[in-house]
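Have a look at the structure below before the remarks.
Below, chains carry the letters A, B, ... as their sequence lines are ordered, and counting in each starts from 1.
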Amino acid sequence: MLPSGVIFKKYSGEEAYLVTRPQKLVFALFIVALFLFPMVSSTYLLGTVSFMFITMIAVLGLQITVGMAGQINLGQSAFVGVGAYVTAAMAVNYELPFYVAIPIGGLAAGLTSILFGLPAARIKGFYLALTTVAAQVMFPLAISRLPRSWFGGPNGMSMPSMELFGYEIWGQQGIYLINLCFLIVFATLTFNLQRSRTGRAFIAIRENDVVAPVMGINLVKYKILAFFAGAVFAGISGGLYAYYVTYVTAEQFTLWLSVIYLGMLLIGGMTSPLGAIFGVIIITLLQETTHDIGGFLSDRISFLDESVIFPATNIVLGAVIIAVLIFEPNGMVRRWRIAKAAYRIWPKPHG
Amino acid sequence: MSNIVLSAKNLRLTFGAITAVDDISLHVKKGQISAVIGPNGAGKSSLLNCLSGFYKPSSGMVEFEGEDITNLAPFRRAERGMARTFQGNQTYQSMTVRENILSGFHNQMSSGLLGGLLYWGRVQKENAHFINLAEEIIEFLELEQLRNTIVGELGYGLRKRIDLGRALGLNPKILIMDEPMAGMNTEEKGDLARFILDIRDARNIPVILVEHDMEVVMDISDEVTVIDWGKVISSGAPDAVRNDPKVISAYLGGDVA
Ligand SMILES: Nc1ncnc2c1ncn2[C@@H]1O[C@H](COP(=O)(O)OP(=O)(O)OP(=O)(O)O)[C@@H](O)[C@H]1O
Ligand SMILES: [Mg+2]
């Protein structure tokens, strides 16, 4: 629903996401506020938000593969891992700057995903899910078997710090700003894709993969493209992650993480890039709170140690995801739209 | 000879012991509406599915504009200008009316993944151009009020119209329609019949039409083929077919006469 008084002179005008001047202004102010945030934030909070940006890029990628194209992917964190490792190798072995190393990591993750996306041409649903889980299982095995000079073998790799125009980017502030820039770029790309020819083809496949080919869509090609695009995002996220944590090991990229990514997308709403962003925020808040409550409890109640608290927080997380799926299968994005529409017709509901 | 757009030659399709299509030949000429009728389970949808490439016939051949397309994948047939609508409700539910129709233009557009992601000037221009073409179809099908409505929220009759709009987006050289009027009320049927006639006359697109409503079929088609148990039992002009004793007996002497 549009704000009242908005009239389009061209049909293509209706495609825009931001229409009125106040909308554009508020959005611009919001972006400026994000850039100024490091000046007011504590280091801990800044680190958390910065990490959310990294996660958002991976979940935006998942939104393309799973949300737009409807191809289930339980291997996203393995593709994040490929991106992290290749970025690390480029930065360490070839001393490439981060803005070259990270895109190469993204591309490498994309190419890897084709291997696991190929089966999507033939299978779907449960069996496809299993194939993508295979990516997850093979990733740590491959890393530990490959020559140590490539990816550091079982020891992992230590990252250099980012450099831009000869200056070292240091501290949580610098990393935050870099992550923010990457997020803005990749969020924009996702929103663009959604309304493009390729995005429409993805959505057509999700909606009806029997009809889509009859409308001229090459199923095999577009399913592979959907995996590729989603995994490139994962790889970029992995590259940023490597610089963020300064050390990569294969154990960081677990199946559990892939499940969390999927949970984030489901909670936020699969069918919109906005859903990916909402989902990461909601789950991160939830993780932080349950973690705090867990810590609070384990300090006071002697038998509640880490071995109980960690699984317990995950159970809470799982329960919330299931509850949302039952009560709002379209995710928080739908709630957001309802709220927006309600605001626009307030105080005079009509229609 | 060259006024034949699509022909099926001795098509046969079997499912295990069932022969759904049994030696059917069919020729669709330029500027014509060809109807295929027959009782339930006669093999009409199976025939159409062989034409559009869903099923590979066990034997026989499909020729489109003089070329053998029997082994071509559905999306390749779409590229060559074969469009179809479906039995039942097969629109993209979560897309708007316009997006559904726009998706039909897939092959005429050229931007790829990178273009879609970057959405730079050329891609925006292409999108805008095809949105205008989609709007022409929206206007033709009288869907202006609904252009931004999510299709899943619309009634059955309207969804069938959108299915048709999407097929027209392919700018087809032939349009195949499977029971477009099933489940419609009289008014909706009248509208759709008018659209089909316009498609033939104003847009010059030949139509293959499978339809149960005999009155409509006899009114709008140029040629009628009657099949029963997978075989052609009669074909020709509507009036001739209507009075064919074999057809009358296939329909139990019922509503055809
Ligand atoms: N995929 C399939 N597998 C097995 N048998 C099938 C399949 N599709 C169709 N048949 C059989 O082939 C025969 C013809 O079916 P078809 O759907 O072509 O009939 P139809 O003329 O379109 O009927 P209707 O008017 O009910 O749509 C039927 O006996 C049907 O059971
Ligand atoms: Mg049928």
* Asked: Which is it for B/Asn100 and A/Arg200 under the side-chain hydrogen bond (donor to acceptor under 3.5 Å, both in side chains) test, yes or no, and what are the steps along the way?
  -> CA-CA 9 Å; B/Asn100 263 275; A/Arg200 264 195 305 275; over 6 Å; no
* Segment of B/Phe54 engaging chain A (4.5 angstrom heavy-atom cut-off) -> side chain
* To do: Could you check if a side-chain atom of A/Tyr222 sits within less than 4.5 angstrom of a side-chain atom of B/His106, using non-hydrogen atoms only?
  => yes
* Do A/Ile217 and B/Phe75 have side-chain heavy atoms sitting under 4.5 Å apart? -> no
* Structure fact -> The reported gap from CD in B/Glu99 to CZ in A/Arg195 (rounded to nearest 0.5 angstrom) is 11.5 Å
* Structure fact -> When the 4.5 angstrom heavy-atom criterion is applied to B/Leu170 and chain A, the contacting part is side chain
* Heavy-atom closest pair, residues A/Leu189 and B/Leu117 -> CD2-O, 3.2 Å
* To do: Identify the two heavy atoms, one from A/Pro213 and one from B/Ala78, that lie closest to each other, and give their separation to 0.1 Å.
  => O-CB, 4.2 Å
* Heavy-atom pair count under 4.5 Å with chain A, highest-scoring of B/Gly53, B/Ala167, B/Ala128, B/Ser110 -> B/Ser110
* Asked: Taking B/Arg147, B/His129, B/Arg80 one by one, which has the highest count of heavy-atom pairs under 4.5 Å against chain A?
  -> B/Arg147
* To do: Heavy atoms only, distances under 4.5 angstrom: which of B/Arg84, B/Glu79, B/Gln90 has the most pairs with chain A? Name it, please.
  => B/Gln90
* **Max heavy-atom pair count under 4.5 Å with chain A, selected residue of B/Ile131, B/Asp163, B/Val123** => B/Ile131
* Asked: For B/Ser94, does its backbone N or O pair with a side-chain atom of A/Glu207 as donor and acceptor, under 3.5 Å?
  -> yes
* Within the distance-only criterion (no hydrogens, no angle test), does the side chain of A/Asn192 pair as donor or acceptor with the backbone N or O of B/Gly115 below 3.5 angstrom? -> no
* Tell me, for A/Phe228 versus chain B, whether the close heavy atoms (under 4.5 Å) come from the side chain, the backbone, both or neither. => side chain
* **Under 4.5 Å from any heavy atom of chain B - which part of A/Val185** => neither
* Asked: Quick one: OG on A/Ser196 to CE on B/Met109, what's the gap to the nearest 0.5 Å?
  -> 8.0 Å
* Answer with side chain, backbone, both or neither: which region of B/Tyr92 has an atom nearer than 4.5 Å to a non-hydrogen atom of chain A? => both
* **Best-contacting candidate, B/Gln93, B/Arg76, B/Arg166, against chain A by heavy atom pairs under 4.5 angstrom** => B/Arg166
* **B/Gly112 backbone acceptor or donor facing A/Thr198 side chain under 3.5 Å** => yes
